[in-house]
Amino acid sequence: MILCRPVACMLAVLFFTVAGTSASHAEELIKRFVSNVEVAANGTLTVTETITVRAEGDQIERGIFRDFPLTAEGANGRLYEVGFKLLSVLQDGEPAPHFTKRNSQGIRIYIGEEHVLLQPGDYTYTIEYETDRQIRFFEDHDEIYWNATGNEWAFPIEQATARVVLPKGVKATGWTGFTGKYGESGSDFTAHAAEDGREVIFATTKPLWDYSGLTVVVNLPKGSITPPSEIEQLRYFLSDYRSELIGGAGIALCLVYYLIAWMFVGRDPQKGVVFPRFKPPAGISPALGAYIADRGFSGGGWVALSAACLNLAVKKRLRLEETDGDMTLVLETDEPQDRRAGSGLSKGEAALESYLSARGTPLTLDKGNGKSIQALGAKFRTAIERENRNVFFKSNKLYLIPGVLLSIGTIVLLLAYGKLQRDQSEFVIFFLMFSIFASLTSVTVGKAVFRLSGIKLRMAMIFGIFGVAMAAAGTGAFHFTGGFQSIPVFPFIAVALAALNILFFFLMGAPTVLGRQALDKIEGLKLYLTVAEKERLNMAEAPDMSTGHFEELLPYAVALGVEKPWAKAFESWLATAAGAAAAASYHPNWYSGRTFDARHVSDSIGSTASSMAGSFRSSLPAPKSSSSGSSGGFSGGGGGGGGGGGW
């Protein structure tokens, strides 16, 4: 055992020595990065990068990849595209197998073969390429602002050198550089001119850690580089602003189409003269009046259904009984035996009476009868819509399809040919999916959600949606900073197209000639129902107020949302013209309830009538929920750059 101890110690020392040696060799890094930049008189840069790496089979298994950005930032802060042409790729001085992959941000050059693994050791890769639009033109000088190594390398760089060669006869007037991570302004480098000022050579004095780089700046006399010609500037403009041009053209085409379509089918017929009307329009029931006035059933049509119930009650074919706040619809049973349910009634009222007759028992407006009330509402709305669809107004929804298709086409073109920034791709794809979904469900959504009455409310909703969308586009990933140049193009265009489609969703619908005439008559009746009693007395040919006159027009007042002033006028008449005794004795035989007060008809009848719609809504079953440069520069600035790693 004693003899074995020295041997064991020697083996342990040998093991840790070998392990330590292996560990020291396991680090992968860039031993030397040399960038040679030759500047042509026309501004084209020919760049030769010689990169010597140590490969240990960790990240560098088959070779390395080099990322090169295809955008640069101009003096105005706007990103623009630069040219790139790969000339040659070498490995240890010999042509190397390689392939490239492009995306919206740049190009990645893979050097090596998929099925060939490298042995541990040092390898030297040489990448030669051309790039243009990298020269910055200022009023007093031209400038080369070049990110020589790039700041996205996954390995540290022991030594970096950059050599900038200017065109013949051009001498550098100044130079500087920066080292460190992106945004830092380190000065760990030396720089000197050579070849009588035509060359400027930069060399780092300290290793660059991973994701650090060397950026160089060389100033040239004004006019050293030939600026782009007018034709080239036009080509650059069309390329740099193609997203704005495609989006602007798409918005313009969509707007022109909608305006033309609106001029042909969306303009309302000329409004007629509106004057007070003392009788209901012929052939228009209270429910139909609500349907015409709202250009559809607003709020689910429950107000119209309430008006139909009141009209049936006034006709003594229905009785309203209120107990403990719950309203019950009771069909009158003393009707002639030879009269069928629904006979002699408008379509909506006939559907209501037929439903109650088939039910056989009174219908109380509470949660327990939620499904029955839901079925009644559907039958009532269907009866009116089936008879009057496209009679009084036309939605013209089919004319929205070309506009939606133009909007989707614009987004598709932007995705295919525009300059999509990384933080905007998800927004645009989401908008495209939303547009397709909206185009398929616009009619359903229109009936269920967007059927609003009053142009002011509609316009408020439009601009509200637009404002919220713009706020969403301007926050989070989409910052409106730095003026117009920084406005995110894709969200702006997408929101503009969405707002345009929403706007004409409302504007495209229009009354027919018959509908315009009916609207004028309904508005005249509404005018009469809202005036005070003393003003009504000054109206020529106005009928005298009476119980029958009040009850005849009460369902229309409910349908048009003016039951309170109409009941108030009746209450005033009861208290004055009819006398206190008549007022105290008034009680409608079609209504019973403990809350009725003959002295306050406007509160009793008016509130009861207006609250019926709320009773219908609150009785519905709950919906099912679904499951859940030279000055101010920094390292990484300027053209070039990128980074790389092993693969």
Side-chain angles (χ1 to χ4, degrees), residues 274-281 284-287 289-290 293-294 298-299 302-316 318-322 325 327 453-454 457 521-617:
V274 176
F275 55 87
R277 293 180 179 270
F278 314 123
K279 294 182 179 182
I284 297 179
S285 67
D294 292 340
S298 64
W302 301 114
V303 171
L305 180 56
S306 300
C309 291
L310 276 172
N311 207 38
L312 281 179
V314 170
K315 294 177 180 179
K316 299 181 180 180
L318 183 70
R319 191 170 68 256
L320 307 179
E321 296 182 356
E322 187 174 8
M327 181 70 71
S453 59
L457 183 58
K521 294 176 182 178
I522 291 171
E523 190 171 344
L525 177 62
K526 185 177 181 180
L527 178 62
Y528 169 66
L529 294 172
T530 54
V531 298
E533 178 63 20
K534 61 180 181 180
E535 297 175 359
R536 187 178 291 104
L537 294 175
N538 297 326
M539 293 181 179
E541 301 181 1
D544 294 333
M545 178 62 78
S546 66
T547 300
H549 184 58
F550 165 70
E551 293 184 352
E552 179 190 14
L553 294 186
L554 178 60
Y556 289 91
V558 171
L560 301 178
V562 294
E563 66 277 358
K564 284 296 182 70
W566 179 239
K568 195 71 176 177
F570 177 64
E571 179 184 306
S572 177
W573 173 80
L574 278 177
T576 56
S585 63
Y586 171 73
H587 193 291
N589 55 15
W590 43 265
Y591 169 80
S592 63
R594 291 185 301 175
T595 59
F596 182 80
D597 185 352
R599 294 168 299 178
H600 301 91
V601 178
S602 62
D603 291 333
S604 299
I605 297 295
S607 298
T608 298
S610 60
S611 64
M612 283 185 66
S615 299
F616 277 116
R617 293 192 195 96

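Residues take their numbers from the sequence shown, with the count starting at 1. Only a predicted model underlies this, so the values are computations on that prediction, with no experimental measurement involved.
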Heavy-atom closest contact ([X] atom, [Y] atom, distance):
X    : Y    : answer
A287 : A308 : CB-CB, 4.3 Å
L525 : P280 : CD2-CA, 4.2 Å
L560 : A293 : CD2-CB, 4.1 Å
P286 : N311 : CD-ND2, 3.5 Å
E551 : V314 : O-CG2, 3.4 Å

Calculate, to the nearest 0.5 Å, the distance between atoms [atom1] and [atom2] belonging to [X] and [Y] respectively.
X    : Y    : atom1 : atom2 : result
H549 : D544 : NE2   : CG    : 9.0 Å
E523 : F275 : CD    : CZ    : 11.5 Å
I522 : D294 : CD1   : CG    : 9.5 Å
F278 : L553 : CZ    : CG    : 11.0 Å
E322 : Y591 : CD    : OH    : 4.0 Å

Legend entry - Residue of the set L312, L318, L310 for which side chain to side chain contact (heavy atoms under 4.5 Å, CB included) holds with W590: L310
Inset, instruction - Sort out for me which residue in Y556, W573, Y528 forms a ring pair (Phe, Tyr, Trp, His ring centres under 6.0 Å) with W566. - result: Y528
Legend entry - Lys/Arg-Asp/Glu bridge criterion (N-O < 4.0 Å) met for E571, K568: yes
